[in-house]
Amino acid sequence: MAPPDAIAHLLRRATFGPTAEEVEAAVRVGFDTTLDRLLTPAGTDAGAAATPAPRLGPDPHATLGKGAGREQRQQANKQRTEQAQQVTRWWLDRMVAADHQLTEKLIFFWHGHWATSVQKVKSAQLMLGQLDTLRRYGRDGFGPLVAAMVRDPAMILWLDGEKNTRRAPNENLARELMELFTLGIGHYSEDDVKAGAKALTGWTVVRESGTARFEPKRHDTEPKTILGRTDTFDADSYAELLAGLPRAAEFVSDRLWFRFAGATPPSDGVEPPAGGVEPPAGGVEPPAGGVEPPAGGVEPPAGGVEPPAGGVAPPAGGATADVTAILRAMFTDPAFVRTRGQLVKQPVEWAVGAMRQLRIRPADLTEQQRKQVQSGLSGMDQVPLRPPSVGGWPAGAAWLTTSSLQARMRLADLFAGTAGPVAVQRITTAPAAGRLDALARLLVVDAWTERTRAALTPLAANPERLIAAGLVSPEYTVS
Amino acid sequence: MDILTRRKFLVASGVVGASALAAGAGTYALSDLFETAGTRDPAGHTLVLVTLYGGNDGLNTVIPYADPAYHDARPEIAYSAQEVKRLDDNFGLNPAMTGLHGLFGQGRLAVVRGVGYPKPDRSHFRSMDIWQTATPDRPGTTGWIGRWLDGAGGDPRLAVSFESAVPPLLAGERSAGASVPVAGRAGRGRLPDRTLAALAASSPGESPAQARAAACFADLRSVDTMITEVRDAAEEADTGDDPERPAATATGGARTSLEAQLDLVARCVEAGVSTRVFSVSLGGFDSHADEKQLQAVLLGQVDRAITGFVERMGRTEAGRRVAVAVYSEFGRRVRANASDGTDHGTASNVFLLGAGVRGGLHGEQPSLTDLDDGDLRYTVDFRDVYATLLEQVLDGDPERVLGGWSGRRDELFAPV
């Protein structure tokens, strides 16, 4: 792959969707500098500063008196729903506006990892607080992040931590903490879950202030054995134990690879398709299922497949995985460039990327249009703050259903119709014969296939339709 | 990257159909099913599998109300003898299950108690994998219905899910069932049909993901007006953003109501489509806290949807050849936790209804006092139930599908 392509690929994966100008600027400074700027951005983020988080005031439920009637409660519920929508709208606007794109994308990654839903947490304030935590701890060592998350009020409510007491532990948080957040299935036992739950006893949430509070009376101070270590574990030392395990570093690296690089680990034997350049022997049929490359990814072959050369080494005992270091290793891994065309964009990535490239700011849309954006994301089954389960969102072909395609097409119409003049001019100032290429540059698509060229060509005279078709094209749907 | 873990987190990420993807599952439209109308063997039966995601608490579904150990273990969330819908002098159904109680009285509901498997796993995701692949002892990549499908010719339309992704249940070695999503919304933007047609073509050398994205356009074009109408109806029931709506810790399951999914199944059965297995689901059973009310709401939905479906099926010849099986990935711990909920447990009940099913209480209820580290000891291996369904409903070869499994529960079906 030529260097400009590699840089565009990096930007597509490490941001919500680069603009043509961002790609051009990155190509000028080269891959290494671009990566440095993504990983350790200099200065303050003007785009983020211009989109401050909403000030919500107290949780409407916290101010309800004990004697509040049904009507007052309903009113408070309504306010809560509105506040949650306000946070969702703000977050989308922030994703579009922020200059430090990898920072924002990483927060969204972590949101899908520590998948917490406002549907149960109810409080927009607590969800906002969790996003702050992910922002603060999400790009450094894994230890502080785990420690912060086990005492994050939204997480505690989501997985029933506030019900977890010495007298009768509630195992929900301890189990998912090991299974989904730090180690993965098969790396802990049922006894570890029970002991872990005891370590987490005592944490509750103060609704009025929206903070977590430790109540020593509810905490189990007995020694517990977790993963072979016996100690009087509490939330902090349990978090430290988990985050310090080599397995946790491995698990986090895997998840980052899965979300930023691809579902299929590279292997020596299988060359992934070259993204629409050379036809495979045997003509036009996609590989079985047309979903994932047939090798790897699903069933481990005997002996396993080697990790990407130069993969991320787990830290030596005690230290925890450093997220920025993992990302650097991933993006510079020789296997990374070969993952082009393998990731189906998550609906939020697709929508935010389109809005960035088309110069649409969600905050500038009308109320009606913002509702359309929200229902479009809902139609594609990904609404921020509402993951479908504690396991997070699905990936890959799960996004490629007929119903999500319909939602994507409606949203593409909206985006094409509200695109900023600068974006539209990129199309209209090109001669008719060059409009498809102008569209590819605008949407940072490396190249259209013959199929899509044939589909787009008749629309060249109608920039709005052309943009809409580009947004739903297979080349733009995957990255 | 540790590839051994990759599948695990594909599963953990909600891509439960990881194996199905490799097997070549596709998304079909309802119209594709209707095209098969009239091609099936009229003597063939249909199986409808209802999955309750999140681990439904079996002890508060089929309630051992006469057992003092039950009341001792869960003082705050136990149902009294007066509350339950009595099945006999020892057991009663959850008060929300009035419809199923009526069917039990008519001998049309079979309750299989104590269903489980050795060395139970308490992870939602792994556990659901075990039930769907029917391989408790090692991670499997094919589902039991998928393996049946392999033997039945492999036409995806024989085994259909109304979830948006194909569950591992329907993934076979060489074939996979079809996913017919019903959670869409009407309208598809303003692009001309010829653009959609052109985008549907495959292009040489493109990546599998890109090829799949193109294939979506082909799928979409085969969607007819009828599915749009059904979707609109399903949508109306599902557009609410009511903060009081039970949500719980969602652990998977279809987003459209169980009733809407079963309505689609009923239409398909009545039209005589070739489908032999339908997979539908309901999520939200992960009740670690304040369980009683939440579970009652969900069981009420299950009760209404299934009772309505079974009664509708009783009215047509095709419908009378349909059997329904209801299961969840595990039951809950016997003892309630301090949060008026229960944590992940083991054995639970399976409900069977419809064609040939012999109503009544089956299987031995696990003891509430002789526990395995706080959990019920299973008395019926779920593969016995599967083998019986394969033999009695699907005309399949249980031993081939279930790795040589020889157990049966023939008493669940009346001789024909």
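What you see is a predicted model, and the numbers here were worked out from it, not measured in a lab. First the proteins, then the strands, lettered A, B, ... as listed; each starts at 1.
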Chain B contact via A:S117 - which portion, at a heavy-atom distance below 4.5 Å: neither
[atom2] on [Y] to [atom1] on [X], rounded to 0.5 Å:
X: B:L191; Y: A:M409; atom1: CG; atom2: CE; result: 7.0 Å
X: B:S123; Y: A:E190; atom1: OG; atom2: CD; result: 9.0 Å
X: A:T477; Y: B:F217; atom1: OG1; atom2: CZ; result: 6.0 Å
X: B:R212; Y: A:L400; atom1: CZ; atom2: CG; result: 6.5 Å
X: B:R122; Y: A:E179; atom1: CZ; atom2: CD; result: 12.5 Å

Exercise: do A:D160 and B:S339 side chains pair donor with acceptor under 3.5 Å: no
Pair A:Q342-B:S207, side-chain donor/acceptor within less than 3.5 Å: no
Candidate pair A:S389 and B:Y53, rule side chain to side chain contact (heavy atoms under 4.5 Å, CB included), full reasoning: CA-CA 11 Å; A:S389 86; B:Y53 284 94; over 6 Å; no
Looking only at heavy atoms, which two atoms of [X] and [Y] are closest? And how far apart?
X: A:T449; Y: B:E206; result: CG2-OE1, 4.0 Å
X: A:A469; Y: B:L199; result: O-CD1, 4.5 Å
X: A:R451; Y: B:A201; result: NH1-O, 2.6 Å
X: B:A209; Y: A:G341; result: CB-O, 3.8 Å

Top contributor to chain B contacts, counting heavy-atom pairs under 4.5 Å, from A:N170, A:V118, A:N462: A:N170
Selection from A:R175, A:K194, A:Q74, A:E464 maximising heavy-atom pairs under 4.5 Å formed with chain B: A:R175
N/O donor-acceptor pair under 3.5 Å between B:N337 side chain and A:A168 backbone: no
Reference residue B:T195; test side chain to side chain contact (heavy atoms under 4.5 Å, CB included); the match among A:T452, A:L466, A:L459: A:L459
Residue from B:R332, B:R335, B:R333 passing salt bridge (Lys or Arg N to Asp or Glu O under 4.0 Å) with A:E171: B:R333
Residue pair A:K163 / B:H288, side-chain heavy-atom distance below 4.5 Å: no
Part of B:D373 lying under 4.5 Å from any heavy atom of chain A: both
Step-by-step side chain to side chain contact (heavy atoms under 4.5 Å, CB included) determination, A:V472 to B:L196: CA-CA 10 Å; A:V472 300; B:L196 307 190; 5.8 Å; no
